[in-house]
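This report refers to the structure that appears directly beneath it.
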Amino acid sequence: MSIEGLRARRALASTRSVVILDRSVDTLLAHTHALDALFGFGVQHQLRDRLQELPFLRPDHTLYLDVPAEVLALRRKAAGHTAAESDHFLHQPAFLDHVRDFFVSSAQPPVSREVTVIPADATPLEVAHAVEALITPWTR
């Protein structure tokens with residue numbers, strides 16, 4: 001969580017009204033949710049307990065780009081990623097399904113004050129426009 005803490009401190013020190021990070025503590029929670037479900041590690045509750053002591057890590061808003069694992073695999077292939085990379089657990093469909101579950105239907109939701117799920121199975125440009133339409137009012 002030191003990376004998340006560093007990012008949060010930098011964001012808090014910024015004079016900008018909006019700070020956008022590509023990942024937050026919600027991502028870490030989603031990953032622990034998936035690992036707990038797949039391998040029975042049982043660590044998510046420990047992480048949530050620890051986060052109670054670190055409230056500055058709690059994002060105001062999380063955007064979850066919801067895209068099926070199959071579409072992600074095709075995008076990775078089109079971008080030239082090798083087949084061997086698909087063996088990494090972060091790319092496995094079951095892992096991705098549990099991460100998605102965390103953001104859209106988990107019994108223990110993300111810690112962010114607000115979560116917006118954006119369908120992201122469209123073209124990257126269409127997804128970028130959807131995100132831009134959401135965040136542009138925040139910058140005014």
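The side-chain heavy atoms of L29 and P110, taken from C-beta on, include no pair separated by under 4.5 Å. Proximity of D60 to E114: side-chain heavy atoms (C-beta onward) are nowhere separated by under 4.5 Å. Looking at heavy atoms from C-beta onward, H98 lies out of side-chain contact with L35 at the 4.5 angstrom threshold. For the pair Q108 and F102, the minimum side-chain heavy-atom distance is 4.5 Å or more. Considering only heavy atoms from C-beta on, E126 stays 4.5 Å or farther from H129 through its side chain. In this structure the side chain of L90 reaches within 4.5 angstrom of the side chain of F95, judged on heavy atoms. Looking at L63 and I135, their side chains come closer than 4.5 Å, going by heavy atoms from C-beta outward. Residues L57 and V111 are not in side-chain contact: their nearest non-hydrogen atoms beyond the backbone lie 4.5 Å or more apart.
No continuous path of ILVMFWY side-chain contacts below 4.5 Å connects V71 to L74, so the two sit in separate hydrophobic clusters. Both V43 and L47 sit in one connected hydrophobic cluster of ILVMFWY residues. Membership requires side-chain heavy atoms under 4.5 Å apart, directly or through other members. Linking Ile, Leu, Val, Met, Phe, Trp and Tyr whenever their side-chain heavy atoms come within less than 4.5 Å puts F89 and F41 in one cluster. The hydrophobic clustering, which links ILVMFWY residues whose side-chain heavy atoms are closer than 4.5 Å, places L51 and F56 together.
Counting heavy-atom neighbours within 6.0 Å of R48 CZ, excluding the residue itself, gives a total above 12.
Of all heavy-atom pairs between V115 and H61, the closest is C-NE2, 4.4 Å. Among all heavy-atom pairs drawn from P119 and V127, the shortest one is O-CG2, 4.3 Å. Between A69 and P93, the shortest heavy-atom contact is CB-CA, 4.0 Å.
Remark: the backbone N or O of T62 is paired with a side-chain donor or acceptor of S112 at under 3.5 angstrom. Between the side chain of D66 and the backbone N or O of I118 there is no donor-acceptor pair closer than 3.5 Å. A donor-acceptor contact shorter than 3.5 Å is absent between the side chain of T136 and the backbone of A133.
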(request) Could you please spell out the steps behind the side-chain contact (heavy atoms from CB on, under 4.5 Å) verdict for Q92 and L38? (result) CA-CA 11 Å; Q92 295 295 320; L38 292 170; over 6 Å; no
(message) Please determine whether side-chain contact (heavy atoms from CB on, under 4.5 Å) holds for the pair H31 and V99, giving the CA-CA distance in whole Å, both sets of side-chain angles, and the decisive distance to 0.1 Å.
(response) CA-CA 6 Å; H31 288 182; V99 168; 3.9 Å; yes
(request) Begin from the C-alpha positions of T27 and D22 and carry the test side-chain contact (heavy atoms from CB on, under 4.5 Å) through to its verdict. (result) CA-CA 9 Å; T27 307; D22 64 337; over 6 Å; no
(request) Could you walk me through whether T32 and D36 pass the side-chain hydrogen bond (donor to acceptor under 3.5 Å, both in side chains) test, one step at a time? (result) CA-CA 6 Å; T32 61; D36 285 358; 5.3 Å; no
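The distance from atom CD of Q52 to atom CZ of R58, rounded to the nearest 0.5 Å, is 8.5 Å. The CG atom of D121 lies 10.0 Å from the CG atom of L72; values are rounded to the nearest 0.5 Å. The CG atom of L96 sits 12.5 Å away from the CG atom of D101 when rounded to the nearest 0.5 Å.
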